[in-house]
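The structure under discussion appears below in the form of structure tokens.
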Amino acid sequence: MLNRSRFTMKESAMSVIRWLGLAGLMCLTLVPLGCSPDRAADGNNRYVIATVVKVDGIAWFETMREGVEAFGKDTGHRVFVLGPAKADAAEQVQIIEGLIAQQVDAICVVPFSVEAVEPVLRRARERGIVVISHEASSQQNADLIIEPFENAEYGRHLMDELARYMGEKGEYATFVGSLTSKSHNEWVDAAVAHQKEAYPGMVNVAAKIEDYDDQNLAYEKTRELITTYPNLTGILGSAMSTVPGAALAVEERGLQDRIQVVGTSLVSVSGPYLKSGAAKLISFWDPADAGYAMNKLAVMQLEGKTVQEGADLGIDGYRELAGSPDRPNLFYGSAWMDVTKDNLAQFETK
Amino acid sequence: MLTNHRELLVRFQSLIALTLMVLALSLLSDTFLTPENGWNILRQISVNLCLSLGMTLIILAGGIDLSVGAILALSGAVAAGLLKNGVAVTPLEVQLQFTVFGAIVAGLLTGAAAGCFNGWVITQFRLPPFVATLGMFSIARGLTMLWTGGFPITGLGSDFGFLGTGVFLGIPMPVWISGALVGALVVLTRRTRFGRYIYAVGGNERAALLTGLPVNRIKLGVYTLGGLLAGAAGLIVTARLDSAQPNAGLGYELDSIAAVVIGGTSLSGGRGSVVGTVLGCLIIGVLNNGLFLLNVSPFWQQVVKGFVILAAVAIDKMSSRET
Amino acid sequence: MRKLILTHEFVLFVLVVLLCVAIGIKNPAFWSLGNVFDLLKSSVTLGLLALGVLVILISGDIDISFPAIAAFSMYVTCLIAQATGLGDHIAILFGMAAATGGLLGAFNAVFIHFFRLPALIVTLGTASLIRGGLLAFVGTRIITDLPESMVAFSRAQLFRQQLPGGETIGLAVSIFILVGVALLVQFLLNHTLLGRGIYALGGAPEAARRVGFNIRRIRFFIFALVGCLAGVVGIIHASNMRNANPFDLSGLELTVIAAVVVGGADITGGKGTVIGTILGTLLLVIIGNSLILMGLPTEWHKVAVGAIIIVSAGMAAWRRRMGRNSGRRK
């Protein structure tokens with residue numbers, strides 16, 4: 001009996017030691033990370049500005065991080081970029097809640113879903129935090145909204161290009177990342193409406209195929225489209241993943257002369273296909289510039305400057321902002337860039 | 001006496017770990033120990049807590065449920081859709097408008113029905129729970145896409161939003177809801193016959209059957225409750241986001257299984273507690289919050305989470321082997 | 001004859017044929033050579049993973065970490081190839097990725113065997129560790145300049161045919177890998193002692209141990225096997241996509257397990273066949289890749305897959321009960 005008790009005492013001590021070990025290990029992993037800049041404001045007229053992106057780590061937002069950090073270097077304000085590990089509206093909301101608790105001065109947000117962040121952005125603004133939002137032209141709870149361009153205009157532009165390559169006739173299909181991504185839907189809606197008006201010779205045979213920002217899915221869906229619509233001659237992409245996925249399928253079938261792939265993408269993933277001719281044109285706005293512009297606007301707002309039509313944010317594409325007739329806090333840049341085989345060399349780093 | 005000591009220590013392992021984490025984090029971050037941050041943590045874990053409570057019952061009964069995240073999305077979408085658009089009763093040519101209360105009930109019933117279907121398939125067709133709920137996962141996700149057409153349902157109004165963003169007596173509504181559910185389930189598992197039966201079924205199903213327990217009915221009840229709680233979680237998420245997102249709750253099933261396991265409930269059934277699960281949720285919530293406050297990359301958070309899951313099961317296993 | 005007709009594989013085969021006929025009637029383009037080749041190519045990655053999971057399920061365990069292992073092996077291999085120029089031959093890359101994957105799989109087995117932890121929770125934890133570790137420490141950037149040999153591999157085809165419209169279609173050479181692995185697994189399961197051990201372990205672990213099977217060796221082998229296959233899948237995926245994206249291949253675990261379960265494997269262990277798994281894979285690939293062809297909204301996809309999972313697993317359970325009853329009658 002005595003023996004047994006002593007034994008169990010030793011054991012219980014062991015189990016506590018194990019947990020202590022675990023906790024110790026965790027602290028060890030945390031300590032070196034604890035040195036990262038803390039996000040509380042200091043009194044030196046430097047603002048703390050957080051930029052919250054849709055998903056951390058992916059190419060698009062890594063480029064945006066470069067722009068935000070460049071702004072930090074230029075101005076001395078404390079800036080940082082953060083976002084959830086997976087595309088989930090609820091996780092983005094949690095991050096913003098955390099930033100409110102840390103009392104940052106401004107939050108720049110690229111919402112995963114415009115509506116889903118409304119309640120938490122309202123709370124942030126009630127607490128005196130400046131809110132700038134991007135890719136969210138319908139945002140209600142924001143001090144300022146900066147769009148790289150007017151979505152409908154961009155959609156019409158893409159359609160004009162697609163029509164030019166297709167010779168203004170033939171069947172085409174449109175892709176969106178997902179039906180929840182608002183800007184993709186606005187581009188495609190405007191593009192298709194424009195086609196019906198301006199290019200009666202073209203037919204939209206498959207509308208808003210979703211590829212969930214997955215290149216493999218874009219590839220498989222394009223193959224299926226090619227099988228289903230033997231007369232398909234055009235594809236209009238919205239997500240970064242559509243053009244490389246679709247162009248791959250087109251190239252594999254040797255159809256680059258027949259099927260024209262046009263859409264939003266980055267040179268880093270679509271460059272090879274522009275070179276090979278499987279994709280004809282990609283268009284994009286530089287996320288680094290957008291990140292810079294958002295942070296610049298945040299500082300202007302914090303310093304009490306009014307932002308008006310024609311304002312110059314000091315960065316290409318945002319040198320003369322356009323306003324919106326019915327939304328005084330909504331501004332557009334003219335930031336899209338077209339890349340084709342011919343000017344590819346200038347954009348190698350994008 | 002000493003044996004009791006030891007049991008206490010084993011039982012409070014996760015509590016000790018949690019305390020140590022809180023201590024470490026309050027030293028490392030100025031924001032961590034503020035009341036606002038505390039409410040943030042509680043508000044943020046409330047969804048996972050609802051799911052994990054149901055998951056605890058299911059795992060205690062020796063099962064598993066992979067469909068809770070999908071049921072969450074479906075219930076939220078159904079409630080939001082009914083609230084926003086009502087439902088057309090074609091033969092009567094009326095458009096039924098739903099009140100906030102009606103939509104909440106409909107969302108909960110949707111969750112319960114999906115859970116009940118899980119239980120029905122598992123008990124009647126003897127499907128392994130893993131497979132049956134995998135099927136339900138796919139079906140519920142598909143139904144959500146069909147119901148919403150892939151678009152989020154937005155603009156639900158402040159009355160419904162109160163469930164997710166409101167504050168009552170200084171405490172956020174999601175915390176009220178999840179807290180009340182915790183209380184109810186503690187009573188259910190400790191003070192009712194049904195609760196004892198759940199442990200009996202999970203501990204040794206054959207023995208439970210031989211002693212004449214209505215095993216199938218118990219399992220059916222457990223899965224239905226799991227679905228109902230997933231429905232409640234769906235309502236909270238939908239209200240918090242003021243919109244039903246068709247892709248809501250992606251991957252949440254694994255988070256809730258992790259919380260249950262970290263809370264010391266055995267995956268083979270029959271051993272564990274609701275309170276343990278609450279601690280498990282808190283550990284995950286505090287960890288995520290702390291790493292966020294320390295500006296650690298979210299991918300690091302995944303690493304740490306994986307590590308904690310492995311450590312928690314390993315430690316649990318080692319201490320249970322010693323007994 | 002009656003025995004053949006009642007097997008799960010036969011019913012599944014009939015289902016696949018009926019589905020093909022139905023889609024073919026709705027849209028004859030389904031039967032075009034190009035589409036058939038496309039479907040076969042799409043089956044390769046899913047099929048390889050399914051074969052690995054089949055072996056795991058037969059042994060009574062489960063693994064949900066293989067997509068993370070695939071992404072990790074793929075990305076690390078491509079990084080090493082890029083840094084060292086060691087990618088002249090595709091076989092080296094496959095070897096490297098398979099070895100990485102095998103090691104990670106063995107890591108799972110350490111926890112499962114020595115700590116006697118449930119495989120579901122172990123692989124849930126390691127999946128989080130591996131994917132998080134990949135993104136936090138190794139990198140998040142997409143590698144676009146893959147070794148030439150990978151691009152060449154993705155272009156290699158068994159047949160190539162030029163259609164009148166200038167369209168070329170071909171059967172990807174990667175299908176060979178699937179066929180080869182399927183034959184290997186078939187041989188392993190049915191004609192080796194190890195295979196018998198795997199079935200025995202899943203059917204009755206205690207009995208298997210008493211009979212003298214080396215449980216530890218079997219466990220390590222099967223988890224390493226899944227890891228190796230995941231590594232191979234990683235390289236095939238990166239070759240097909242012509243880039244290595246560390247975010248890719250996520251969320252595959254449930255689809256793959258579904259394919260194996262639809263193929264008649266029992267999640268509780270001891271049951272499952274290679275031919276069933278291949279048919280299950282084909283069924284899911286055909287459904288997933290024919291919605292546009294049939295003009296169906298994509299939303300129906302998941303409902304259909306879920307229903308098929310429940311029905312086919314129910315079928316297997318029902319047959320099990322029938323089998324038990326008829327056994328009793330004897």
Side-chain angles (χ1 to χ4, degrees), chain A residues 33 55-63 65 85-87 173 178-179 205-206 208-231 240-241 244-245 247-259 266-273 276 278, chain C residues 27-39 41-42 45 128 131-132 134-136 139-146 151 154-155 157 160-163 165-170 172 237 240-243 245-252 285 288-295 297-299:
Chain A
L33 303 159
V55 193
D56 201 1
I58 63 171
W60 183 264
F61 293 115
E62 283 302 296
T63 316
R65 184 190 302 273
K86 61 174 198 257
S178 83
L179 291 169
V205 288
K208 292 191 184 173
I209 310 272
E210 292 180 281
D211 68 16
Y212 299 106
D213 297 68
D214 178 343
Q215 193 187 331
N216 190 36
L217 219 52
Y219 163 72
E220 294 197 334
K221 300 262 178 199
T222 305
R223 288 193 322 190
E224 211 186 325
L225 284 171
I226 294 173
T227 307
T228 314
Y229 303 103
N231 299 320
M240 291 306 122
S241 50
L248 179 60
V250 167
E251 190 179 292
E252 209 174 76
R253 290 280 183 99
L255 291 173
Q256 48 267 52
D257 296 330
R258 195 185 90 195
I259 299 181
L266 283 174
V267 175
S268 59
V269 287
S270 292
Y273 300 104
S276 77
Chain C
N27 190 341
F30 177 81
W31 285 112
S32 68
L33 209 51
N35 190 51
V36 173
F37 287 169
D38 284 350
L39 290 176
K41 188 178 177 188
S42 293
T45 43
S128 189
R131 175 80 68 171
L134 171 65
L135 296 169
T140 58
R141 284 206 178 273
I142 301 175
I143 303 175
T144 46
D145 48 338
L146 293 182
V151 180
S154 78
R155 290 211 168 113
Q157 289 175 328
R160 184 172 289 137
Q161 195 186 358
Q162 185 105 19
L163 297 184
E167 188 179 346
T168 47
I169 53 171
H237 176 82
N240 283 345
M241 289 296 105
R242 313 250 174 103
N243 61 37
N245 183 347
F247 288 90
D248 272 1
L249 292 165
S250 60
L252 264 179
V285 168
N289 286 284
S290 299
L291 292 160
I292 297 180
L293 213 57
M294 299 218 285
T298 39
E299 291 94 33

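We name chains A, B, ... by the order of the sequence lines, and we start the count at 1 in each one. Treat the numbers as computed from the prediction; the structure is a model and nothing was measured.
- The structure places CG of N243(C) at 9.0 Å from CG of L248(A), a figure rounded to the nearest 0.5 Å.
- In this structure N35(C) satisfies the side-chain contact (heavy atoms from CB on, under 4.5 Å) test together with T227(A), F30(C), S32(C), L39(C), L293(C), sequence neighbours excluded.
- Both the backbone and the side chain of E252(A) have a heavy atom closer than 4.5 Å to some heavy atom of chain C.
- If you measure heavy-atom distances from N27(C) to chain A, the contacts under 4.5 Å come from the side chain alone.
- The shortest distance between side-chain heavy atoms of I292(C) and I209(A) falls below 4.5 Å.
- Of the two parts of I58(A), the backbone and the side chain both hold a non-hydrogen atom closer than 4.5 Å to a non-hydrogen atom of chain C.
- Going from atom CZ of R253(A) over to atom CZ of F37(C) covers 10.0 Å, rounded to the nearest 0.5 Å.
- Residue K221(A) touches chain C through both its backbone and its side chain, counting heavy-atom pairs closer than 4.5 Å.
- Of the residues considered (N289(C), N245(C), N240(C), I142(C)), N289(C) shows the highest number of contacts with chain A, using heavy-atom pairs under 4.5 Å.
- Of the listed residues (R141(C), R155(C), K41(C), Q157(C)), the greatest number of heavy-atom pairs within a distance under 4.5 Å of chain A belongs to K41(C).
- In this structure, the portion of Y273(A) lying under 4.5 Å from any heavy atom of chain C is its side chain and not its backbone.
- Using a 4.5 Å cut-off between heavy atoms, S42(C) touches chain A through backbone and side chain atoms alike.
- In this structure, the portion of D56(A) lying under 4.5 Å from any heavy atom of chain C is its backbone and not its side chain.
- For the atom pair CG (D214(A)) and CG (D248(C)), the distance works out to 6.0 Å, reported to the nearest 0.5 Å.
- Checking side-chain atoms of Q215(A) against main-chain N and O of M241(C) turns up a donor-acceptor pair under 3.5 Å.
- Note: T144(C) OG1 to L146(C) CG = 7.5 Å, rounded to the nearest 0.5 Å.
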